[in-house]
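Remarks on the structure that follows.
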There are 2 protein chains.
Amino acid sequence: MNGSDNQRAGSTVHGGCPIGIVSGGGSLPFAVAEAAARRDRRAVLFALRGCADAERVAAYPHHWIGLGQINRLCRLARQERCNDLVFIGTVVRPAVRQLRLDFGALTLWPRLVRSFRGGDGQLLSRVAGYFEQRGFTVVGAHEVAPEILMPEGTVGRFQPSERNRSDIALGLELLRAIARFDVGQATIVADGHVLAVEAAEGTDEMLAQVAELRRKGRIRSSGGVLVKAPKSDQDRRIDLPTIGPQTVAGAARAGLVGIAVIAGEGILAEPERVAQVADRERIFVVGLRQDHIAQ
Amino acid sequence: MNGSDNQRAGSTVHGGCPIGIVSGGGSLPFAVAEAAARRDRRAVLFALRGCADAERVAAYPHHWIGLGQINRLCRLARQERCNDLVFIGTVVRPAVRQLRLDFGALTLWPRLVRSFRGGDGQLLSRVAGYFEQRGFTVVGAHEVAPEILMPEGTVGRFQPSERNRSDIALGLELLRAIARFDVGQATIVADGHVLAVEAAEGTDEMLAQVAELRRKGRIRSSGGVLVKAPKSDQDRRIDLPTIGPQTVAGAARAGLVGIAVIAGEGILAEPERVAQVADRERIFVVGLRQDHIAQ
């Protein structure tokens, strides 16, 4: 509560004020920018150096910021009248010695970098709180661009079988049971056996590990489904489970037959590419109806 | 129920009939054999070729059997009058083409090999059931040799701190929450964050993975505790969580500060070596009191 309520009062998610997109790697920052454009809302990219795709960034109003330049981010965002900030895209954590931290960063940045990767619901809320104390509103990418959310039904042409559906149900049940531990957002289930539970390693690493176990002959059951669901207490503005073409490719390498996400509770990056890769790898990608969760 | 009840009637765990120790790798088969000897009970090792330590096997009455020679195992065990069978030690799953399966093995062995590794409570019971149908009694190694069980209190000279104890409590709570999913027996917790949950990969791989994530700078919290507890529904005769010197070394490589196991609910292999390695690596190894679980 630092007297900046007057600034915040004017900002609404669908309002006319420009939206600041703090952009990591991958295609999602641009999907959000396009969604804003479709709604006639100006978007300014605050592109993270070493993360964001420079070629694509160039097509939008943008500023480059280094990981670690939090005061600079705040200053530029104010200049651009971006009261609403979206944090989106992947960030590879740099070695601390490579960071040039400004004053704001000294207190916050390490936690912020972590927040991009997910993995800590409480910290995410603190990061959002930090910017809100400085007069900004932290907005979920899916609030600005609902079209990036996982749709209901299948993406691509393959469908889960009955057996797959029971693996999905088991996976969702497991994720519900561990949601309060602020642990992973994903699990891999094959023929009623839980092959992996995501924690600090993240989804891509978990898939790579199952691929490796399969290569070594350490897993007998074939097939399997990757199930992703948001943690119950995570800050959904910053960290919704995301799948994209590389998730599908990783699932294929792990010998899985499908991927299931709760519709509207996860982000689907590059839907066309996802459908392409899924069809090529004969993998289903399904957005589950919300009432599936309540079962 | 194949009319062999007369054979079984004579066998009790502490009885005088010889005990058959189906022996995989590591030191535990010999710890069990020594324990039997201390109780004046004859032990015969059925040493698994490619797994058991040939030099040490030679010191005991023994027969070598190939992975896959189940009928041979049954025949030799009957010859040796071993009504009670213990399955103990590590088994690396061979490529199927390397197995020379006999008739009994064709139906059972793939599941049996898996059972050595743990990971499937139902299958373990089925394996035990297979041998019991053939007139044998499958006995837990810890029933023959209670001295191999994890004792209460610390092994070595380091003690868990209060912070470590709260990580342990969180880990136990998580393991309880997932016990019904027949998933891992272990988790790694650091400063209230769950870093890893064991599933198909096993404890050693899980430790290696956390070591790797730390090396890449993907884990911010330091320290951490490995917590192991038996799955609620697993067949404890065949698969109790086990720690040994290599677990301690793996925990050290993963940057952990300690290991916690429920006393009496896990096996401690080579206690002196565990204490040595733990002291050298400044790691605590603690057997928790049973009532810790009920908290």
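Lettering of chains follows the sequences in order, A, B, ..., and the numbering in each one begins at 1.
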Below 4.5 Å from any heavy atom of chain B, which atoms of L170(A) appear? Answer side chain, backbone, both or neither.
both

Which atoms of L213(B) approach chain A - backbone, side chain, both or neither, heavy atom under 4.5 Å:
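For L213(B), side-chain heavy atoms alone lie under 4.5 Å from chain A.
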
Identify which part of E201(B) has an atom lying under 4.5 Å from any heavy atom of chain A, answering side chain, backbone, both or neither.
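Contact with chain A involves both backbone and side-chain atoms of E201(B).
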
Atom CD in E173(A), atom CD1 in I178(B): separation rounded to 0.5 Å?
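E173(A) CD to I178(B) CD1: 13.0 Å, rounded to 0.5 Å.
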
If we define contacts as heavy-atom pairs under 4.5 Å, which of E212(A), E198(A), E205(A) has the most with chain B?
E205(A)

